[in-house]
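Have a look at the structure below, then the notes.
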There are 2 protein chains.
Amino acid sequence: MSVGLGPLPTLHPVPGFRLGITSAGIKKPGRRDVVVMEAVPGTAIAGVFTTNAFCAAPVTLCKQHLTQAPRYLLVNTGNANAGSGKPGMAAALKTCAALAELTGVEPDQVLPFSTGVIGELLPADKIIAVLPQALANLAEDNWAMAAEGIMTTDTQPKGASRQIKLAGQTVTITGISKGAGMIRPNMATMLGYVATDAKVAQPVLQQLLRQAADLSFNRITIDGDTSTNDSCMLIATGQAAMAEITDPASSEYAQLAEAVNAVMLELAQAIVRDGEGATKFVTVQVNGGGNRNECLDVAYAVAHSPLIKTALFASDPNWGRILAAVGYAGVPDLDVERIDVYLDEVCITRNGGRAAEYTEEQGARVMAQAEITIRIELGRGEFSETIWTTDLSHEYVRINAEYRT
Amino acid sequence: MSVGLGPLPTLHPVPGFRLGITSAGIKKPGRRDVVVMEAVPGTAIAGVFTTNAFCAAPVTLCKQHLTQAPRYLLVNTGNANAGSGKPGMAAALKTCAALAELTGVEPDQVLPFSTGVIGELLPADKIIAVLPQALANLAEDNWAMAAEGIMTTDTQPKGASRQIKLAGQTVTITGISKGAGMIRPNMATMLGYVATDAKVAQPVLQQLLRQAADLSFNRITIDGDTSTNDSCMLIATGQAAMAEITDPASSEYAQLAEAVNAVMLELAQAIVRDGEGATKFVTVQVNGGGNRNECLDVAYAVAHSPLIKTALFASDPNWGRILAAVGYAGVPDLDVERIDVYLDEVCITRNGGRAAEYTEEQGARVMAQAEITIRIELGRGEFSETIWTTDLSHEYVRINAEYRT
């Protein structure tokens, strides 16, 4: 089940970037679970990764290899290769070395990514055995199949694509993402891949990715559990006939950033829409904060409250639970008498108490919708933050209670 | 359903403290929902209250009245009188004034407490109408009935009692508590009442309560939602024939504190055992921390993770989720290679990876138990903290999705 997530849109090929998909039977026989991506020489690649201290072996390797002019990305699902100690690191290195040998690059030019169960050793040999198949079907128009190949508990593939005019040239930005549980990215989410044929200097690309992630993947939460494997990559093949973007203050940078932001926001929201057991897509907007952090503290307190999430599941306008979460979010010297709360355009709380004109029917009408905005006005300053989340349903419990069975 | 929670133990009467119970039909007709408690003149009363900025009107009043030599406590369930603005404050004051008039004390000698739905106006007149009935059945041996009278979504009443020898005298400590959801107390939980006939100076009693709450009510969490109404009161009637305890360094203080701690820990754990939808009683112990806060950060990250809670519900030893939570708890410079994790006495993770001798059968055996200890050794220092929590079950979702229907 997902909320407002249609079939994949058209995913425009990105010149200079090919994808190959195959099945290694890591968790389920026959399921597509290995994706290889190839970037032409000269491609700039930027990455942001989980801040979880128990980050997975492939995350550690990716950070190291990112500086070595990477040419290949190797993704597997069904096994996260996290909490797997030195044997896990050796397994990840072995897959990189095998792909490097088949393609004639150095092992540290391969970026490895894993997602799935934590704490089991990666079956490197199974993956290595199918690499020739993946390489054999490398193609620029394989994005849709790759979006399927990186799924785990996702019910639908996720992709987004834009084409813009940049310095007179048509430039493409296409991306895919996966994720439905253990989602509270703090850098990026496992996994997002966005490629463009724009030509961008690597440090500038890294800055662009960081800013875009902070407005998209770093603003979603499903269960508050920051994964060990979150990784988001931005790949610029430079195949478009344009001068390299080297200045973050240039208009080309701004135009490209706007399109990348739009693609990444769509991908991040798609993860929320397909959140485990999700029946609602919820926007939590906090305005009037004294600074950015207090807006986020309030937004995450609301988004993580199991009581609010179950009320959303029940379509119950139990707004007292929202007030309680705002109250325990830890904002110093919070003056509750300045706080207004809205469900979409319905004011439920004014000056810290029930709004005089509010009726239960109005609240029930908004809560019955599949898409809901909870807006909280703190009345303390000029800062705003918006995050996206889901409800907490029976299905969430079922999925996660049965995940390994 | 509750975990390991038997019938109420014997609750010894406390000389000088009487309880009266009645029904005002606040939420459900015929249900006991009003409790009046009366303390003899000269009683010292200490209180700790929620830190939620949206604290309820009765909490605000309690804090003010606590300095006015309070004589009566007035508790209602079915309505939290929180998020109710000025009309809520007026309603609370009105009930205090009515009880004061009936008993010949000043209105500010009445401490009001409410628990139930947030955001609805307290039906003060319904409560006032039944106060004479409650006063008519005031008795020292009414603790068990009062434990029932303060329940909301609790499935069982909660009480604990001790008798100790203090300065040659038998002294009684008896308490009751309630709570099953919106439980992550941060000062105390809604609601705990502990009375003793020991004679203790009020500032010393306040210190004793604060310390006891930090080791009991402030170490439990069910859903991470800090309530608007948490209140825990410690009442010392001074009826025992003993010299007043005025020195926190005295042996009498230490003996009394030990007994109060034991009663409060039993009451706090009873709340967890009766947590909404709970099928497990889980102790999370974090050892080897560099300071107290990082131990608590790790413990709460584990206790609040929906992924760990659903795995507990499923009796699935999915220890990777525990590692992930430890990793995102925000401990600075965490060296994962020093971390060991145990389920009861089974070592599942050593030096940050799966323990060599660990087998899935060992983990499954512990996880099948109703009571489980998750022990995390950080290997950074000498600090330890222990908290208690529950799993996340289908029943939790059902209870909270249907709470207002």
Side-chain angles (χ1 to χ4, degrees), chain A residues 50-55 80 82-88 117-120 181-182 184 186 223-228 304-307 310-311 313-314 316 318-321 323-329 331 334-336 349 351-354 392-394 396-405, chain B residues 50-55 80 82-88 117-120 181-182 184 186 223-228 304-307 310-311 313-314 316 318-321 323-329 331 334-336 349 351-354 392-394 396-405:
Chain A
T50 183
T51 52
N52 194 309
F54 267 105
C55 75
S84 49
K86 288 186 177 55
V117 179
I118 298 175
E120 294 180 7
M182 200 175 269
R184 186 207 165 160
N186 188 358
D223 45 23
D225 281 277
T226 302
S227 160
T228 48
H304 289 152
S305 160
L307 292 172
T310 46
F313 170 55
D316 176 8
N318 191 330
W319 53 274
R321 294 179 178 176
L323 289 197
V326 173
Y328 69 66
V331 176
L334 184 65
D335 180 356
V336 301
T349 302
N351 303 327
R354 183 182 179 126
L392 171 58
S393 67
H394 286 297
Y396 178 88
V397 176
R398 192 194 62 72
I399 291 168
N400 284 299
E402 297 176 4
Y403 179 55
R404 301 204 312 168
T405 60
Chain B
T50 183
T51 52
N52 194 310
F54 267 104
C55 74
S84 48
K86 289 185 174 58
V117 178
I118 300 174
E120 293 180 8
M182 200 176 268
R184 186 209 165 155
N186 188 358
D223 45 22
D225 281 277
T226 303
S227 160
T228 47
H304 289 150
S305 160
L307 291 172
T310 46
F313 170 55
D316 175 8
N318 191 331
W319 54 273
R321 293 178 179 176
L323 289 197
V326 173
Y328 68 66
V331 176
L334 184 65
D335 180 356
V336 300
T349 300
N351 303 327
R354 183 183 179 125
L392 171 58
S393 68
H394 287 297
Y396 178 89
V397 176
R398 193 194 61 74
I399 291 168
N400 284 300
E402 296 175 4
Y403 180 54
R404 301 203 311 170
T405 60

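Naming: A, B, ... by sequence-line order, numbering from 1 per chain. Here the structure is a predicted model, which means the values were calculated and not measured.
- Each of A:Gly85, A:Ala325, A:Ala329, A:Ser305 has some count of heavy-atom pairs under 4.5 Å with chain B, and the biggest count is that of A:Ser305.
- Of the atoms belonging to B:Thr349, not a single heavy atom falls under 4.5 Å from chain A.
- Of all the listed residues (A:Ser84, A:Ala80, A:Gly83, A:Gly88), the one sharing the greatest number of non-hydrogen pairs under 4.5 Å with chain B is A:Gly83.
- The minimum heavy-atom distance between A:Val336 and B:Ala53, with the atom names listed, is CG1-O, 3.2 Å.
- Closest of all the heavy-atom pairs between B:His394 and A:Arg398 is CE1-N, 3.6 Å.
- The most heavy-atom pairs under 4.5 Å with chain A, out of B:Gly353, B:Gly352, B:Ala311, come from B:Gly352.
- The CD1 atom of A:Ile118 sits 7.0 Å away from atom CG of B:Asn318, with the distance rounded to the nearest 0.5 Å.
- Between B:Phe313 atom CZ and A:Glu402 atom CD the span is 9.0 Å, to the nearest 0.5 Å.
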Please report the C-alpha distance between B:Tyr396 and A:Thr310 in whole Å, then the side-chain angles of each, then the deciding distance to 0.1 Å, and finally whether the side chain to side chain contact (heavy atoms under 4.5 Å, CB included) criterion is met. CA-CA 9 Å; B:Tyr396 178 89; A:Thr310 46; 4.2 Å; yes
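- Neither the backbone nor the side chain of A:Ala82 comes within less than 4.5 Å of any heavy atom of chain B.
- Separating the CG atom in A:Asn400 from the CG atom in B:Leu392 is a distance of 9.0 Å, to the nearest 0.5 Å.
- The residue among B:Cys55, B:Ala314, B:Pro87 with the most heavy atom pairs within less than 4.5 Å of chain A is B:Ala314.
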